[in-house]
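Before any comments, here is the structure.
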Amino acid sequence: SGQYNYRNKLTGQSHGHSHYVVYLKDSTNIAACVIDVEAALEGAELPINGLVVDHELFYYPTETEEEAYYLSAFLNSDVINQAIKPLQAEGDFGPRHIHKLPLEFPIPEFDSENETHQRLVELAKSGEEKALAKLPDLVEEYDPDTTPTNSRWLRTRTNEEVESELEEVNRLVENLL
């Protein structure tokens, strides 16, 4: 049907990259992550041609894994998250609709020779490893009867797990901007 590829939003996506940074379109706070396409498709039972991002996410294909983690660190920083708050639409439950707001800020282009950029990459990878290691325990601990919004609860608990990384990311991002 014509709706399947409405306005070429499926076929117009950038394919062929090995890494993408994705973040939520509609949320109070930014939550970005790195998608390693090859790792994500590993073990798939059906042949898959690549990554398709739906309308609830924004994505950015990167040239390298390092660039993806660098951008992810920037987007997950409180510096960017707080900077977009005055620009977000306000709903009954506070700010919402992130859309392209984080991209309005002058995020420096990734430079693999820059020590600060490399440190952001390290911190993002370390944070991801800690968060993934803690995830099974958090899923086990989650109680839908006492915790009303699982995504907010999960994000809060994950941020507690990577607090030291986030603090350093915030300092570095603030210095770069």
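Everything numeric in this text was worked out from a predicted model, so none of it was measured. What you see below is based on every heavy atom in this structure, not just the backbone, and it leaves out hydrogens, waters and symmetry mates.
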Checklist entry - Can you tell me how far OH of Tyr70 sits from CZ of Arg119, rounded to the nearest 0.5 angstrom? => result 15.0 Å
Checklist entry - Stepwise, does the side-chain contact (heavy atoms from CB on, under 4.5 Å) test hold for Asn159 with Arg155? => result CA-CA 6 Å; Asn159 284 350; Arg155 186 175 304 135; 4.0 Å; yes
Next on the checklist: Distance check, rounded to the nearest 0.5 Å: Thr64 atom OG1 versus His19 atom NE2?
Outcome noted: 8.0 Å
Checklist outcome for this item: Rounded to the nearest 0.5 angstrom, the CD-OG distance for Glu38 and Ser18 is 8.0 Å
Next on the checklist: Tell me whether Val79 shares a hydrophobic cluster with Val121, the cluster being built from Ile, Leu, Val, Met, Phe, Trp, Tyr side chains joined at under 4.5 Å.
Outcome noted: yes
Item to check | Beyond-backbone contact of Leu120 with Phe74, side-chain heavy atoms, under 4.5 angstrom | outcome: yes
Next on the checklist: Just verifying a value: how many Å separate Asp36 CG and Glu42 CD, rounded to the nearest 0.5 Å?
Outcome noted: 9.0 Å
Next on the checklist: Taking CD in Glu63 as the centre, count heavy atoms belonging to other residues, nucleotides or ligands within less than 6.0 Å. Is the count above 12?
Outcome noted: no
Item to check | Main-chain N/O of Ile30 paired with Asn81 side-chain donor or acceptor, under 3.5 Å | outcome: yes
Next on the checklist: Working to the nearest 0.5 angstrom, can you tell me the gap between Lys130 NZ and Ser126 OG?
Outcome noted: 5.0 Å
Checklist entry - Can you tell me how far the NZ atom of Lys85 sits from the CG atom of Asn29, to the nearest 0.5 Å? => result 4.0 Å
Next on the checklist: Under a 4.0 Å threshold between the charged nitrogen and the carboxylate oxygen, would Arg157 count as salt-bridged to Glu160?
Outcome noted: yes
Checklist entry - Among the clusters formed by ILVMFWY side chains lying less than 4.5 Å apart, do Leu166 and Leu75 turn up in the same one? => result no
Item to check | Expected output: side-chain His117 to main-chain Phe110 donor-acceptor under 3.5 Å | outcome: no
Next on the checklist: Determine whether a donor-acceptor pair (N or O, by modelled atom type, separation under 3.5 Å) exists between the side chain of Gln118 and the backbone of Glu113.
Outcome noted: no
Item to check | Partner of Val173 under side chain to side chain contact (heavy atoms under 4.5 Å, CB included), chosen from Leu176, Asn170, Asn175, Leu177 | outcome: Leu177
Next on the checklist: Quick one, Val21 and Tyr59 - any side-chain contact, counting heavy atoms below 4.5 Å?
Outcome noted: no
Item to check | Hphob cluster co-occupancy, Val162 + Leu71, side-chain heavy atoms under 4.5 angstrom | outcome: no
Next on the checklist: Just so I know, are the side chains of Leu123 and Leu172 near enough to count as touching, which here means a heavy-atom distance under 4.5 Å?
Outcome noted: yes
Checklist entry - Is the OH atom of Tyr60 crowded by more than 12 outside heavy atoms at less than 6.0 Å? => result no
Checklist entry - Salt bridge check: are Lys125 and Glu122 linked by an N-O gap of less than 4.0 Å? => result no
Checklist entry - How far apart are the C-alpha atoms of Tyr69 and Glu128, what are their side-chain angles, what is the distance that settles it, and do they pass the side-chain hydrogen bond (donor to acceptor under 3.5 Å, both in side chains) test? => result CA-CA 10 Å; Tyr69 280 99; Glu128 178 185 73; 2.6 Å; yes
